[in-house]
**Student:** 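Before I ask anything, let me first share the structure, which is written out below as structure tokens.
Owing to the predicted nature of the structure, the values given are computational and were not obtained by experimental measurement.
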Amino acid sequence: MREIFTVAELARVCSDDTMIVWAGQGLGGPVRAWRNGDAVAIAAPDLSQRDRLSVWGPIEDLVPLVEQVLAEIGTSFRPFGDEALVRELTERIPLLRFAAAFGWMDTATAPPGTAAAQWLDGDAGVEAVLTSAAPGSYAWPGRSGVRRWAGVTDESGTLLSIAADAWSAPEVGFVAGVATLPAARGQGLARQVCAFVTAELIKRHGRVGLIVDAANAAAISVYQRLGYTYRAVAAASAE
């Protein structure tokens with residue numbers, strides 16, 4: 001096991017995988033990464049509200065790497081990666097159990113802009129939208145890693161639909177906290193605000209990703225129309 005100290009090395013080892021590079025968070029602060037052969041493991045505390053151990057590479061190299069890393073950093077970190085890989089890890093490492101399956105989506109192509117959405121001056125009204133439309137959102141005003149909010153308002157200035165720039169890495173932007181008031185759904189507002197945030201983050205970071213509930217077909221469809229591609233991912237946790 002050897003530690004990785006630069007994003008350049010991380011990108012080289014993982015073939016510049018967007019999700020893995022995002023997990024590296026520019027290898028700033030408390031984030032650490034290691035390699036064993038062609039496998040990579042990245043420990044990022046409080047990344048999208050979880051202590052994540054992002055994993056990539058061949059299973060034969062990855063199993064001993066994950067075992068060593070968890071022994072060093074503790075079992076609060078949840079292995080996170082492609083679903084098939086995470087499932088195989090749980091079969092080979094008795095300490096782990098399968099926790100959840102969901103989706104990762106990313107794009108490097110900016111969708112057409114929209115004049116309807118814009119960055120908000122602060123976060124007034126955001127909590128009301130989240131409370132009504134997405135109480136389970138990981139992104140909330142004031143939480144670590146949540147940087148700014150974009151939204152669409154009506155003529156009276158009432159906030160109808162929102163999305164956040166949250167947990168973005170220097171090389172990969174990240175969209176979170178997407179929510180639309182129930183009474184305003186069906187008007188394409190989520191698509192407008194996500195198109196705006198996606199284009200803005202690509203302009204700044206070059207590419208952008210997000211995490212989506214695998215069962216949320218409507219959201220996946222919106223993101224696909226914006227140019228995102230879907231991959232099945234999952235998380236495991238220590239028993």
Side-chain angles (χ1 to χ4, degrees), residues 4 6-36 38-59 61-62 65-66 69 77-90 96 98-110 138-139 145 147 163-178 194 197-198 201-202 204-214 216 219-220 223-224 226-237:
I4 294 171
T6 69
V7 175
E9 182 182 3
L10 174 63
R12 185 171 63 252
V13 175
C14 74
S15 300
D16 201 28
D17 184 291
T18 298
M19 184 174 72
I20 300 303
V21 173
W22 167 74
Q25 293 286 291
L27 296 185
V31 179
R32 298 177 67 190
W34 301 264
R35 66 176 297 185
N36 177 52
D38 293 324
V40 175
I42 306 165
D46 197 26
L47 177 59
S48 186
Q49 293 295 293
R50 290 286 189 271
D51 289 345
R52 298 187 186 273
L53 182 67
S54 298
V55 296
W56 184 94
I59 192 67
D61 291 342
L62 193 58
L65 178 61
V66 169
V69 169
F77 286 84
R78 295 158 56 98
F80 163 72
D82 287 320
E83 182 176 354
L85 190 60
V86 170
R87 287 189 181 278
E88 193 159 4
L89 277 177
T90 62
L96 298 178
F98 191 84
F102 38 99
W104 167 272
M105 302 185 75
D106 60 55
T107 183
T109 303
Y138 284 0
R147 298 175 180 174
D165 166 8
W167 304 292
S168 289
E171 306 79 13
V172 183
F174 193 76
V175 180
V178 179
C194 287
V197 174
T198 298
L201 293 183
I202 286 176
R204 180 170 183 174
H205 303 278
R207 47 187 166 166
V208 62
L210 56 84
I211 290 174
V212 64
D213 185 339
N216 193 340
I220 292 170
Y223 301 138
Q224 287 174 330
L226 293 176
Y228 285 81
T229 56
Y230 180 92
R231 70 197 267 192
V233 296
S237 63

**Student:** Could you tell me if the side chain of Trp56 sits less than 4.5 Å from the side chain of Ile42, heavy atoms only?
**Tutor:** no
**Student:** Any non-hydrogen side-chain atom of Arg231 less than 4.5 Å from a side-chain atom of Asp17?
**Tutor:** yes
**Student:** If we only count heavy atoms from C-beta on, is the Ile211 to Trp104 side-chain gap below 4.5 Å?
**Tutor:** yes
**Student:** Would you name the heavy atoms of Ile59 and Leu89 that are closest together and state the gap between them?
**Tutor:** CD1-CD2, 3.8 Å
**Student:** Testing the basics here: between Gly26 and Glu171, what is the closest heavy-atom pair and its distance to 0.1 Å?
**Tutor:** N-OE1, 3.9 Å
**Student:** Can you measure from CZ (Arg78) to CG (Leu96) and round to the nearest 0.5 angstrom?
**Tutor:** 11.0 Å
**Student:** Working to the nearest 0.5 angstrom, can you tell me the gap between Leu62 CG and Glu88 CD?
**Tutor:** 9.5 Å
**Student:** Within the 4.5 Å heavy-atom criterion, are Phe77 and Val69 side-chain neighbours or not?
**Tutor:** no
**Student:** With the side chain counted from C-beta on, respond yes when His205 and Phe174 share a heavy-atom pair under 4.5 Å apart, and no when they do not.
**Tutor:** no
**Student:** Any chance you could measure Ser48, atom OG, to Tyr138, atom OH, to the nearest 0.5 Å?
**Tutor:** 6.5 Å
**Student:** Looking only at heavy atoms, which two atoms of Ala101 and Ala214 are closest? And how far apart?
**Tutor:** O-CB, 4.4 Å
**Student:** Taking side-chain contact (heavy atoms from CB on, under 4.5 Å) as the definition, give me every residue that meets it alongside Ala110, ordered by chain and number, with sequence neighbours left out.
**Tutor:** Ala199, Ile202
**Student:** For Gly173 versus Ser168, what's the shortest heavy-atom pair and its separation?
**Tutor:** CA-OG, 3.4 Å
**Student:** Please step through side-chain contact (heavy atoms from CB on, under 4.5 Å) for the pair Val175 and Tyr223, ending with a clear verdict.
**Tutor:** CA-CA 11 Å; Val175 180; Tyr223 301 138; 5.8 Å; no
**Student:** Any side-chain heavy-atom pair from Trp22 and Leu47 closer than 4.5 angstrom?
**Tutor:** yes
**Student:** Might you point out which heavy atoms bring Trp34 and Ala43 nearest each other, and give the distance in Å?
**Tutor:** CZ3-CB, 3.8 Å
**Student:** Between Thr107, Asp106, Val21, which is the residue that forms a side-chain contact (heavy atoms from CB on, under 4.5 Å) with Arg207?
**Tutor:** Val21
**Student:** For Gln224, which residues count as a side-chain hydrogen bond (donor to acceptor under 3.5 Å, both in side chains) partner, sequence neighbours excluded?
**Tutor:** none
**Student:** Any sub-3.5 Å donor-acceptor pair from Asp61's side-chain atoms to Asp38's backbone N or O?
**Tutor:** yes
**Student:** My understanding is that only one of Val172, Val7, Val31 makes a side-chain contact (heavy atoms from CB on, under 4.5 Å) with Gln25; could you say which?
**Tutor:** Val31
**Student:** Using modelled atom types and a 3.5 Å cut-off, is there a donor and acceptor pairing between side-chain atoms of Arg35 and backbone atoms of Val13?
**Tutor:** no
**Student:** Spell out, as yes or no, whether a donor-acceptor pair under 3.5 Å connects the side chain of Gln49 to the backbone of Asp46.
**Tutor:** no
**Student:** Decide yes or no for Phe80 and Val86: does some side-chain heavy atom of the first lie under 4.5 Å from some side-chain heavy atom of the second?
**Tutor:** no
